[in-house]
There are 2 protein chains.
Amino acid sequence: MTTTKPVRQAPTKAEYDAFLAACPSRQLLDRISNKWVVLILCALGGDAGDGAVEEGRLDGSGRPGEIDTARAMRYSEIARLLAGVSQKMLTQTLRALERDGLLTRTVTPTVPVTVTYALTDLGRSLHRLTRELRHWAQTHMDEVLAHRRQSETPTT
Amino acid sequence: MTTTKPVRQAPTKAEYDAFLAACPSRQLLDRISNKWVVLILCALGGDAGDGAVEEGRLDGSGRPGEIDTARAMRYSEIARLLAGVSQKMLTQTLRALERDGLLTRTVTPTVPVTVTYALTDLGRSLHRLTRELRHWAQTHMDEVLAHRRQSETPTT
DNA sequence: CAGCATCCCTTCTGATACTG
DNA sequence: CAGTATCAGAAGGGATGCTG
């Protein structure tokens with residue numbers, strides 16, 4: 001396996017600041033702050049299956065290899081898992097993520113061509129966050145719904 | 001018909017699944033997966049200042065009270081910090097977050113009216129993720145840029 | 001199967017002008 | 001100061017038809 005160790009030598013300074021409009025990290029934040037990006041990362045990260053995110057896995061310091069069920073998925077698999085995604089958006093988002101180095105696209109010249117997508121190390125590092133993001137949404141859904149309900153009642 | 005219904009009486013109830021198009025958590029994920037939402041949460045969470053997110057704070061288990069510099073901010077403060085945001089988007093996003101119970105809006109009837117925004121507990125819980133999201137974007141910016149560059153070169 | 005191309009509608013987003 | 005209201009362009013997103 002490719003054991004790519006992040007070669008950080010000077011993590012001290014803040015080269016990028018997403019608060020600044022012109023900063024490239026602002027654009028990157030815009031790209032990863034996307035419904036489909038989050039779900040695709042979750043899919044390739046192995047958060048699929050029953051759909052729910054296990055509580056125990058979220059502490060991050062579990063058994064490595066178990067939490068990272070990062071498997072390659074075919075295009076149609078992803079499309080099936082991400083209910084409601086259009087072919088256009090899926091392809092578009094996958095290509096963007098490929099360009100940014102978050103996932104790899106592998107074409108196997110079988111009879112009907114087979115295309116698989118898999119997370120890179122970079123993608124896996126982001127997947128830890130997207131998984132939690134999805135988990136947060138599912139966990140706090142009730143609280144949000146309750147607050148919305150009581151907000152829409154301005155009756156004195 | 002609707003046959004696949006995961007009604008398994010699991011101990012940890014998986015009521016919501018963002019992979020499903022009709023699930024409310026999908027909409028919630030869509031809302032929080034937003035550039036401005038992330039930045040507003042970061043702003044109110046106290047990630048401002050020099051702009052950089054400290055490395056040491058990210059483990060999450062630091063000294064509480066220090067990492068949560070969640071302070072109330074005025075409208076103009078937020079607008080100034082989030083460079084490039086239009087007042088329309090800012091107001092719109094703030095109201096949405098208020099409805100969802102992620103932040104509070106306080107109007108003080110001073111001479112020129114003063115409006116302050118502050119995170120709720122719910123908002124703070126999400127802020128932990130948005131902070132890491134922003135941090136990820138700023139930290140991995142170089143890797144992404146490098147990969148983009150080599151992607152746009154077919155390298156025969 | 002895994003796309004790409006096209007049409008078309010909706011939403012987002014920024015800019016401008018105007019109040020309490 | 002902290003909005004609201006409106007306009008117009010840009011981007012998001014879906015539906016359909018067509019390839020290798």
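Each chain gets a letter, A, B and so on, in the order its sequence line appears, and its residues count up from 1.
Across the protein-nucleic acid pair, Leu82(B) atom CG and dG14(C) atom C1' stand 15 Å apart, rounded to whole Å. Between the P atom of dA11(D) and the CG atom of Asn34(A) lies a distance of 15 Å, rounded to the nearest Å. We find that CG of Leu90(A) is positioned 14 Å from P of dC1(C), with the value rounded to whole Å. With rounding to whole Å, Met89(A) atom CE is found 14 Å from dC12(C) atom P. As a whole-Å value, the separation of Gln27(B) CD from dG13(D) P is 14 Å. Leu94(B) has its CG atom 10 Å from the P atom of dT4(D), to the nearest Å. We find that NZ of Lys35(B) is positioned 11 Å from C1' of dG14(C), with the value rounded to whole Å. In this structure, CG of Leu39(B) is placed 12 Å from P of dT13(C), rounded to the nearest angstrom.
Checking side-chain atoms of Gln138(B) against main-chain N and O of Ala18(A) turns up a donor-acceptor pair under 3.5 Å. The backbone N or O of Arg74(A) sits nowhere less than 3.5 Å from a side-chain atom of Thr116(A) that would complete a donor-acceptor pair. Although no hydrogens or angles enter the test, the distance criterion places a donor-acceptor pair under 3.5 Å between the side chain of Thr110(B) and the main chain of Pro112(B). For the pair Thr91(A) (side chain) and Lys88(A) (backbone), a donor-acceptor distance under 3.5 Å is absent. Of the possible polar contacts, none joining the Arg131(B) side chain to the Asp47(B) backbone as a donor-acceptor pair under 3.5 Å is found. A donor-acceptor distance shorter than 3.5 angstrom exists from the side chain of Tyr75(B) to the backbone of Gln87(B), with no hydrogens or angles considered. For the pair Asp100(B) (side chain) and Leu102(B) (backbone), a donor-acceptor distance under 3.5 Å is absent.
An OP1 or OP2 oxygen of dT13(C) is reached within less than 4.0 angstrom by no side-chain nitrogen or oxygen of Ser86(B). Contact annotation: Ser76(A) side-chain N/O to dC1(C) OP1/OP2 distance is not under 4.0 Å. Between Tyr117(B) and dG3(D) there is a side-chain polar atom (N or O) within less than 4.0 angstrom of OP1 or OP2. Using a 4.0 Å cut-off, no side-chain N or O of Arg105(B) falls inside it from OP1 or OP2 of dA2(D). Under 4.0 angstrom from either OP1 or OP2 of dC4(C) there lies no side-chain N or O belonging to Tyr75(A). Between Arg74(A) and dA2(C) there is a side-chain N or O to OP1 or OP2 distance below 4.0 Å.
Residue order along DNA chain C, read from the 5' end via each residue's closest nucleotide, puts Pro112(A) first among Gln87(A) and Pro112(A). Along DNA chain C, the nucleotide closest to Arg95(A) and the one closest to Lys88(A) are compared, and the more 5′ of them pairs with Arg95(A).
Comparing dT13(C), dA2(C), dG13(D) by their nearest atom to the side chain of Trp36(B) picks out dT13(C).
Checking Arg148(B), Arg149(B), His147(B) one by one against Ser151(B), the side-chain hydrogen bond (donor to acceptor under 3.5 Å, both in side chains) holds for a single residue, His147(B).
Below the 3.5 angstrom threshold, one finds no donor paired with an acceptor across the side chain of Gln92(B) and the base of dC12(C).
In the helix from dC1(C)-dG20(D) to dG20(C)-dC1(D), the terminal helix axes, each the rotation mapping four pairs' C1' atoms onto the next four within five end pairs, subtend 50°, rounded to 10°.
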